[in-house]
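Chain letters run A, B, ... following the sequence lines, proteins first and then strands; every chain starts at 1.
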Amino acid sequence: MENYWIIALFSALREANPQPKSALFFHSPYELLVAVVLSAQSTDVGVNRVTPGLFALASDPASMVRLGEDGLREQIRSLGLYNNKAKNILALSRILLEEYHGQVPDTREALESLPGVGRKSANVVLNVAFGHPTVAVDTHVFRVANRTGLAPGKTPEAVEKKLLQCVPEEFLLHAHHWLILHGRHVCMARKPNCENCCIRTWCLMGGNQFKDK
DNA sequence: AACTCGGGGCA
DNA sequence: TGCCCAGAGTT
């Protein structure tokens with residue numbers, strides 16, 4: 001197992017973010033689930049802007065159903081894609097009440113069967129809410145994994161599979177969070193901040209070569 | 001595996 | 001305008 005450089009890479013990422021915790025605002029598995037559904041194709045900043053107000057009105061499935069689709073839409077309007085998200089969260093809340101005693105299920109199959117919840121969101125809930133060693137691959141993780149050569153792959157599923165294989169168990173619980181933060185704040189899609197990158201030693205792109213001229 | 005959808009935000 | 005955002009659903 002010549003994965004010593006992977007340990008060094010994650011150690012560097014951990015040092016850059018000593019207190020790993022979800023960037024999303026939530027107090028319960030249900031709030032996390034809602035925040036994750038809202039986060040699809042929206043920024044974490046935007047989600048954190050609306051969730052405190054939303055959860056003050058509805059922090060469980062029953063109160064969400066009571067809030068209703070119009071009330072929900074009003075709370076999340078600034079996110080974009082609010083029509084689908086409001087519909088999905090309401091439908092999902094009803095399913096939790098009817099089929100899961102109002103609780104958030106802790107299996108991949110159950111989570112992915114909920115409207116608005118795909119593989120990435122299910123992985124986040126399993127990891128953050130239930131402590132399962134999953135890795136959620138979003139656009140950030142996908143980009144960083146390919147740029148560094150940590151887990152190159154043409155599809156998110158391929159990257160996820162490689163990460164599960166190569167990331168040491170001690171880092172697995174927080175791997176996706178660190179990779180996401182790095183992709184969000186340093187290894188951005190367009191103009192990465194290579195000068196301040198703590199893992200540039202392992203970058204396949206060789207410094208700033210993909211930076212806008 | 002590739003395509004489509006969806007809307008605010010920001011350069 | 002064009003590209004991006006802690007993707008999902010369909011073909």
Visitor: Compare side-chain N and O positions of A:Thr139 against OP1 and OP2 of C:dA6 and report whether any pair is under 4.0 Å apart.
Guide: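 Answer is no, no contact under 4.0 Å.
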
Visitor: May I have the distance from A:Leu114 (atom CG) to C:dA8 (atom C1'), rounded to whole angstrom?
Guide: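 Computing the A:Leu114:CG to C:dA8:C1' distance gives 13 Å.
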
Visitor: Choosing from C:dA6, B:dG9, C:dG7, which nucleotide comes nearest the side chain of A:Ser121?
Guide: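 Out of C:dA6, B:dG9, C:dG7, the nucleotide with an atom closest to A:Ser121's side chain is C:dG7.
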
Visitor: CG of A:Asn127 to NE2 of A:His177: how many Å apart, nearest 0.5 Å?
Guide: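 With rounding to 0.5 Å, CG (A:Asn127) is 10.5 Å from NE2 (A:His177).
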
Visitor: Rounding to the closest angstrom, what is the interatomic distance between B:dA2 and C:dA6 at atom C1'?
Guide: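 Their C1' atoms lie roughly 23 Å apart.
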
Visitor: Can you check the distance between C:dC4 and B:dC5, where both ends of the measurement are the C1' atom (answer in whole Å)?
Guide: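 Roughly 15 Å separates the two C1' atoms.
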
Visitor: What nucleotide, of C:dA6, B:dG9, C:dC3, holds the atom closest to the side chain of A:His177?
Guide: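 Per side-chain heavy atoms of A:His177, the pick is C:dA6.
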
Visitor: To the closest 0.5 Å, what do you measure between CG (A:Leu67) and CG (A:Leu72)?
Guide: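 Reported to 0.5 Å precision, the distance equals 6.0 Å.
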
Visitor: Distance check: side-chain N/O of A:Arg143 vs OP1/OP2 of C:dC5, anything under 4.0 Å?
Guide: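 For C:dC5, OP1 or OP2 has a side-chain N or O of A:Arg143 closer than 4.0 Å.
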
Visitor: When the distance from CG of A:Leu181 to P of C:dA6 is rounded to whole Å, what number comes out?
Guide: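 After rounding, the gap between these two atoms is 10 Å.
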
Visitor: In whole angstrom, what separates A:His174's NE2 from C:dA6's C1'?
Guide: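 Roughly 17 Å, once rounded to whole Å.
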
Visitor: Applying a 4.0 Å non-hydrogen cut-off, can you work out what A:Val141 is touching in the nucleic acid: base, sugar-phosphate, or nothing?
Guide: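 Counting heavy atoms under 4.0 Å across all strands, no contact is made by A:Val141.
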
Visitor: Quick one: CG on A:Leu97 to CD on A:Gln103, what's the gap to the nearest 0.5 Å?
Guide: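 A:Leu97 atom CG to A:Gln103 atom CD measures 10.0 Å (nearest 0.5 Å).
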
Visitor: Tell me: CZ of A:Arg119 to C1' of C:dA8, nearest whole Å?
Guide: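 Going from CZ in A:Arg119 over to C1' in C:dA8 covers 14 Å.
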
Visitor: If I take atom CG from residue A:Asp60 and atom CG from residue A:Leu96, how far apart are they, to the nearest 0.5 angstrom?
Guide: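 If I round to the nearest 0.5 Å, the distance is 10.5 Å.
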
Visitor: Measure the distance from OH on A:Tyr82 to P on B:dG6 and round it to the nearest whole Å.
Guide: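 To the nearest whole Å, that distance equals 12 Å.
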
Visitor: Working to the nearest 0.5 angstrom, can you tell me the gap between A:Glu31 CD and A:Met64 CE?
Guide: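 Here the rounded value is 8.5 Å.
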
Visitor: Respond yes when some side-chain nitrogen or oxygen of A:Arg190 is under 4.0 Å from OP1 or OP2 of C:dC3, and no when none is.
Guide: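 False: A:Arg190 side-chain N/O out of range (4.0 Å or more) of C:dC3 OP1/OP2.
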
Visitor: With respect to the side chain of A:His140, which nucleotide from C:dG7, C:dC5, B:dG7 is positioned closest?
Guide: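 Among the listed nucleotides, the one closest to the side chain of A:His140 is C:dC5.
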
Visitor: Could you check how far CG of A:Asn88 sits from C1' of C:dG7, rounded to whole Å?
Guide: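 A:Asn88 atom CG is separated from C:dG7 atom C1' by 11 Å.
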
Visitor: Nearest-Å distance, CD (A:Glu160) to P (B:dA1)?
Guide: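 Value for this atom pair: 14 Å.
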
Visitor: Describe the nucleic acid contact of A:Pro115 in one word from base, sugar-phosphate, nothing, applying a heavy-atom distance below 4.0 Å.
Guide: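 Since only primed, P, OP1 and OP2 atoms lie under 4.0 Å of A:Pro115, the category is sugar-phosphate.
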
Visitor: Whole angstroms only, please: what is the NZ-P distance between A:Lys87 and B:dC5?
Guide: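 About 17 Å, once rounded to whole Å.
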
Visitor: Over all strands shown, is A:Asn84 touching base, sugar-phosphate only, or nothing at heavy-atom distances under 4.0 angstrom?
Guide: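 The answer is sugar-phosphate, as A:Asn84 gets under 4.0 Å only of primed atoms, P, OP1 or OP2.
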
